[in-house]
Amino acid sequence: MKRLSFPKVAIAVGAALLAVLWLVPLLWALDTSLKPEQETTRTPISWLPSAPTSAAYQSVLEQGSILRWFVNSTIVAVLVTALTLLVSVLAAYGFSRTTFPGRKVMFGVVIAGILVPPQVLIVPLFQEMSSLRLVDTYWGMVLPQVVAPVMVFVLKKFFDGVSRDYEDAARVDGATRWRIVWGVMVPMSRPILVAVGIFTFIGAWNNFLWPFIVTTDPSMMTIPVGLANVQGSYGLRYAQIMASAVLGGLPLLIVYALFQRHVIRGVGDAGVKG
Amino acid sequence: MAVQTPARPRTKPSTHEPPRSGPPWTERWGGLFFVAPFGLFFLFFLLWPTLAGLWNSFFNTSLAGVKQEFLGLANWRELFGDPAVWDSLKNTLVFTAMSTPPLVLIALVMALLANRRGVFGWFLRFAYFAPFVLPATVITLIWVWIYQPGFGLVNGLLTAGGFAEIDWLNAENRAMLAVVITTVWWTVGFNFLLYLAALQGIPAQVYEAASIDGANGRQTLFRITLPLLGRTTGLIVVLQLVASLKIFDQIYLMTDGGPNYATRPIIQYIYESGFTSYRIGYASAVSYLFFAIIVIVSVAQFKLFGGRKEARR
């Protein structure tokens, strides 16, 4: 059925070239990380190490705190994602399906909260965290990242579109509202919850500014904050710097490769069709 | 304050009803429990710091901050006469103006190219979006290396092609361009996904009708696809403007605002005022200036798109 015409081939080739161009920096980093150190600064530049070696990875893993940062990032990102989903789902259900005095005003305040850029809050938040003695703790990094009014907005919009029939049926069967949230609404909105969860996880894992502000102890840093010090501590050993970059980036690339379908569908559901 | 609000009469009718016949307590107030956990987070980590920042901006507060000296509008007056504020604001706007057009156009081209099924489509979507999932530090470690004079990839290609080397990150007139190139590579994937979702939302019948009418590929693209993406483009432009105004991470990590403050954005100036110079009050005032700019851009967007959405219905 498909005819291969010249424009179609040209477009496919262009698409592939653009993709390769977008991957070159990543491949170049991987390539450099596998070179012996003295080969990295050779000119003219050469692709492909003459003899690939994992020496850079070994020394990064031995001397650095990268494993510790990895554990910290995982703890922080998992906590942020779990708490964000929990409170956002409940709030979205509350705003979408229940009534209580002041509901509309409160929802308006939440929507207005979307306008506040987290970057302008770093100073007062730091004061708050330091008076709560949460500087250099996981909770100090996690708690401020849990407030995501935009998630509540997106989920509420989604819940608004879920037919009430399912809920009424469950209610006839005697389900409490608590049960309805977890037994009806959550299963019905799984795709968007997965997407919201992935974006929250990526955002929390990658957040630089807030963990950078609220941690001073290198053993409490997350990967993005810890790696910021790498360049200084390794001097000009580029193979090691690139090995750190690859180690810092790989987990997320794997997560994304596994969940790509959900990410794309989620953006569609959340962003554009509304 | 002097205006009396006639709010009282509104509650009157409900008190007419006998208490028993109203909805039970849990029906009237129970919903609040669903909202309460989020409400507490919102109160403590968004609303409170927002108000505390405004409060701080009228005081001379240090980071250790026990002593507070009321300054009135002194921080605000100082801000308007501080060249560093206006320079960092200018850098932020220059970055936004330079980064937004490519971040929208390249995303559109990518979406048109990657809107296909199968393994090839999967590969394209992976390649275009992959950089977006990486942390800023990984991005900047890679790109500082790529921009190196001599053995860096970019200069290696320039010299191989017979061009002169550029010391990207240490030249005042090149550093911002280098940051923009890195940012476009890093973040274009998100806009790409928004466009892709919009493309996939266009009903197939529209294209079937066009092909029955004998439209060729170019006509379909310019007469149907692009006009139907208009609303998405508007959304992406505004999201991108706001995102670009918030630039900090990659500049701080790549150039530290230099050379000679040529790339320092407003958020870095806020950070430095608060955490390097320990001037919390002043940093708060600058934060609020920046906040005001974000609100203006966002409200302008809301007016623009809120209105158009109404008209469509």
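The chains referred to below are lettered A, B, ... by the order of the sequence lines, with proteins before strands, and numbering in each begins at 1.
Per-residue counts of heavy-atom pairs under 4.5 Å with chain B were compared for A:Ala91, A:Ser73, A:Pro101; the largest is that of A:Pro101. Each of A:Trp205, A:Phe107, A:Tyr93, A:Phe208 has some count of heavy-atom pairs under 4.5 Å with chain B, and the biggest count is that of A:Phe208. Between chain B and the residues A:Thr32, A:Leu86, A:Thr84, the most heavy-atom pairs under 4.5 angstrom are made by A:Thr32. Counting heavy-atom pairs under 4.5 Å between each of A:Leu209, A:Val225, A:Ile11 and chain B puts A:Leu209 at the top. Among the candidates A:Gln119, A:Gln145, A:Arg261, A:Arg103, the residue making the largest number of heavy-atom pairs closer than 4.5 Å to chain B is A:Gln119. Put simply, of A:Val146, A:Leu143, A:Leu252, the one with the most heavy-atom pairs under 4.5 Å next to chain B is A:Leu143.
Residue contact with chain B, scored on non-hydrogen atoms closer than 4.5 Å, involves the backbone and the side chain of A:Val109 alike. When heavy atoms are compared at a cutoff of 4.5 Å, A:Ile202 approaches chain B solely by way of its side chain, counted from C-beta outward. In this structure, chain B has heavy atoms under 4.5 Å from both the backbone and the side chain of A:Ala16.
B:Glu272 meets the salt bridge (Lys or Arg N to Asp or Glu O under 4.0 Å) test with B:Arg264; sequence neighbours excluded. Remark: B:Thr159 pairs with B:Glu165 by the side-chain contact (heavy atoms from CB on, under 4.5 Å) rule, at least two apart or across chains.
Side-chain atoms of A:Asn206 come within 3.5 Å of backbone atoms of B:Val133 as a donor-acceptor pair (strictly under, hydrogens ignored). Using a distance-only test at 3.5 Å, with no hydrogens or angles considered, a donor-acceptor pair links the side chain of A:Trp22 to the main chain of B:Trp185.
The two residues A:Ala243 and A:Ser33 come nearest to each other via the heavy atoms N-CB, 3.5 Å.
With respect to B:Gln268, the side chain to side chain donor-acceptor pair (under 3.5 Å) criterion is satisfied by exactly one of B:Asp256, B:Thr92, B:Asp249, B:Thr276: B:Asp256.
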